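By convention in this document, chain letters (A, B, ...) are assigned in the order of the sequence lines, proteins followed by strands, and residues within each chain are numbered from 1. The analysis underlying the following values was restricted to heavy atoms, covering all of them including side chains, and did not include hydrogens, waters or symmetry mates. Only a predicted model underlies this, so the values are computations on that prediction, with no experimental measurement involved.
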Protein chains: 2
Amino acid sequence: MAVESLPEPWSSVSDRLRRRGLRWTPQRRTVIEVLAGADGHVTGAELVERCRGRDASTIPSTVYRTLDVLEELGLVRHGHDANGREEFHVLPAAEHGHLHCRQCGATWEIGDERATAVAAALRGADGFEVDIGHVTLVGRCADCVARTVATS
Amino acid sequence: MAVESLPEPWSSVSDRLRRRGLRWTPQRRTVIEVLAGADGHVTGAELVERCRGRDASTIPSTVYRTLDVLEELGLVRHGHDANGREEFHVLPAAEHGHLHCRQCGATWEIGDERATAVAAALRGADGFEVDIGHVTLVGRCADCVARTVATS
DNA sequence: CTCGCTATTGCAACGAGTCGCAATAGTCAC
DNA sequence: GTGACTATTGCGACTCGTTGCAATAGCGAG
């Protein structure tokens with residue numbers, strides 16, 4: 001799939017890069033193609049793997065550096081999964097968050113309203129503006145809490 | 001400093017381990033000594049380094065495995081810093097959380113009340129019990145927000 | 001004190017990133 | 001087109017952890 005025929009905002013990435021004095025390279029093209037075919041969240045390692053699928057000569061550091069640039073363009077946003085590993089949000093839209101139950105291992109998303117409520121609770125007195133989507137919050141889901149009476 | 005002369009809960013670790021069918025080893029002793037001299041939060045790498053200071057033959061995997069065991073005893077709790085790296089809370093007491101400003105790089109703690117408020121906001125409809133202290137929340141502090149009019 | 005069971009260690013290899021640096025190759029100007 | 005300027009790449013080394021496995025060594029029993 002040619003990058004030019006991808007939907008926005010992917011098709012204009014090359015121009016946006018050049019306008020900033022940055023360059024459009026085959027390696028970046030590969031990353032864009034992969035991102036256009038992804039959605040929601042993908043780990044860094046997974047993105048590297050998919051790039052390698054399109055171009056076996058892909059080097060990890062190049063992918064990560066490209067992702068840094070794309071983050072500056074607002075096309076991805078990086079965060080961390082429950083194990084602290086790099087995780088990328090493709091085309092970050094509404095504010096949202098991630099919950100992970102350490103007992104059953106399940107993961108949820110929380111939507112805009114709740115994410116905003118949490119941000120408000122956190123802003124509190126000192127005005128800190130949290131990016132709730134950056135991390136994966138860990139805890140225990142209602143089912144697991146109910147299932148266990150006393151377990152740390 | 002002999003472990004036996006350390007204050008509780010450190011001095012009783014050997015017994016607690018044995019009672020569980022686990023063992024008291026020189027390597028674990030080293031970790032305990034280091035933990036007793038630490039407070040608040042320490043990264044995994046830092047702990048390994050300090051252990052190496054007491055015993056040059058310290059092996060990282062042994063330290064991490066010991067920390068896992070101590071977490072089961074409730075003596076430490078692991079979490080992740082702003083970069084997703086392993087971070088340990090020594091003698092976790094009150095619920096608390098961590099904030100990190102991605103712009104100025106400063107880090108704060110939030111106390112029990114606010115941490116509880118956030119947990120409440122998050123619990124919301126589905127009853128998820130978050131361990132707010134597990135991760136370091138990232139965002140921007142009030143000063144940096146004020147200082148910047150328009151910066152993603 | 002000795003024995004045996006098995007928890008723990010040390011080691012080596014691996015996974016996920018990050019970083020510095022020399023070589024390569026986009027881009028823009030002419 | 002050609003050239004020069006410099007952003008980017010590829011590579012190697014390194015950090016932080018994790019895991020499997022064979023060898024070691026706690027610890028309770030007798």
Side-chain angles (χ1 to χ4, degrees), chain A residues 3 13-32 41-52 54-73 76-88 102 134-136, chain B residues 3 13-32 34 41-52 54-73 76-88 134-136:
Chain A
V3 168
V13 173
S14 53
D15 287 341
R16 293 182 62 196
L17 286 173
R18 277 190 280 254
R19 229 176 290 135
R20 292 190 175 210
L22 305 179
R23 297 173 186 173
W24 181 238
T25 68
Q27 295 82 351
R28 291 188 171 168
R29 177 199 196 63
T30 302
V31 175
I32 292 297
H41 329 97
V42 208
T43 63
E46 174 68 19
L47 286 174
V48 169
E49 205 42 55
R50 294 190 196 172
C51 285
R52 226 193 274 281
R54 290 178 172 263
D55 174 359
S57 69
T58 297
I59 265 75
S61 59
T62 297
V63 175
Y64 286 110
R65 285 188 287 220
T66 296
L67 287 165
D68 285 348
V69 172
L70 296 179
E71 182 155 20
E72 236 142 272
L73 296 189
V76 300
R77 218 146 98 187
H78 89 281
H80 299 279
D81 71 10
N83 298 311
R85 297 273 151 77
E86 210 70 9
E87 181 166 73
F88 292 87
R102 71 154 52 94
H134 189 78
V135 294
T136 297
Chain B
V3 167
V13 173
S14 53
D15 287 341
R16 294 181 62 197
L17 286 174
R18 277 190 280 255
R19 229 175 291 134
R20 293 188 174 212
L22 304 181
R23 296 174 187 173
W24 181 238
T25 67
Q27 294 82 351
R28 290 188 173 168
R29 178 198 195 65
T30 302
V31 174
I32 292 297
V34 166
H41 328 97
V42 208
T43 61
E46 175 66 20
L47 286 173
V48 169
E49 206 41 56
R50 293 191 197 171
C51 285
R52 228 193 273 282
R54 290 179 171 262
D55 174 358
S57 69
T58 297
I59 265 73
S61 59
T62 297
V63 175
Y64 287 111
R65 284 188 286 220
T66 295
L67 288 165
D68 286 348
V69 172
L70 296 179
E71 183 156 19
E72 235 141 273
L73 297 189
V76 300
R77 219 146 98 186
H78 91 280
H80 299 280
D81 72 9
N83 298 312
R85 295 272 152 79
E86 212 67 12
E87 182 165 72
F88 291 87
H134 189 78
V135 293
T136 297

5' precedence on DNA chain D between A/Thr66 and B/Ser14 (nearest-nucleotide basis):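 On the 5' side of the pair lies A/Thr66.
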
By nearest heavy atom, map A/Leu17 and B/Glu46 onto DNA chain D; which one lands nearer the 5' end?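 By nearest-heavy-atom nucleotide position, the 5'-most residue is A/Leu17.
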
Integer-rounded Å distance: [N] [atom2] and [X] [atom1]:
X       : N      : atom1 : atom2 : value
B/Ile32 : C/dT8  : CD1   : P     : 13 Å
B/His80 : D/dT18 : NE2   : C1'   : 13 Å
A/Arg28 : D/dA7  : CZ    : C1'   : 7 Å
A/Asp81 : C/dG17 : CG    : P     : 8 Å
B/Leu67 : D/dC16 : CG    : P     : 15 Å
B/Glu49 : D/dC16 : CD    : P     : 8 Å
A/Asp68 : D/dT8  : CG    : P     : 12 Å
B/Asn83 : C/dC19 : CG    : P     : 9 Å

May I ask you to check whether over 12 heavy atoms, not counting those of A/Arg28, lie within 6.0 Å of atom CZ?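 Yes, because the 6.0 Å sphere around CZ of A/Arg28 holds more than 12 heavy atoms from other groups.
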
Distance-only donor-acceptor test, [X] side-chain atoms vs [N] base atoms, 3.5 Å:
X       : N      : answer
A/Arg85 : C/dG15 : no
B/Arg65 : D/dG20 : yes
B/Thr43 : D/dC16 : no
A/Arg23 : D/dT6  : yes
A/Arg29 : C/dG26 : no

In terms of the angle between their ring planes, are B/His134 and B/His78 parallel, tilted or perpendicular, with boundaries placed at 30° and 60°?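 If you compare the ring of B/His134 with that of B/His78, the planes turn out perpendicular.
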
Determine whether a donor-acceptor pair (N or O, by modelled atom type, separation under 3.5 Å) exists between the side chain of A/Arg85 and the backbone of A/Thr43.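 Such a contact is absent between A/Arg85 side chain and A/Thr43 backbone.
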
With sequence neighbours left out, write down each residue that passes side-chain contact (heavy atoms from CB on, under 4.5 Å) with A/Thr30, or none if nothing qualifies.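 For A/Thr30 the side-chain contact (heavy atoms from CB on, under 4.5 Å) partners, ignoring immediate neighbours, are A/Cys51, A/Arg54, A/Asp55.
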
Is any side-chain N or O of [X] closer than 4.0 Å to OP1 or OP2 of [N]?
X       : N      : value
A/Thr25 : D/dT8  : no
B/Gln27 : D/dA25 : no
A/Tyr64 : C/dT18 : no

Quick one, A/Gln27 with A/Val31, criterion side chain to side chain contact (heavy atoms under 4.5 Å, CB included). Give me CA distance, side-chain angles, the key distance, then yes/no. CA-CA 7 Å; A/Gln27 295 82 351; A/Val31 175; 5.9 Å; no

What contact category does A/Ser61 fall into here, base, sugar-phosphate, or nothing, at under 4.0 angstrom with non-hydrogen atoms?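 It contacts base atoms.
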
Side chain of A/Arg18 (C-beta onward), nearest among C/dT27, C/dT9, D/dT9: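 Of the candidates, C/dT27 comes closest.
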
More 5' along DNA chain C: B/Leu22 or B/Ile59, using each one's nearest nucleotide?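 In this pair, the answer is B/Leu22.
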
Measure the spacing between CD1 of B/Ile32 and CG of B/Leu70 and express it to the nearest 0.5 Å.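 That separation rounds to 4.5 Å.
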
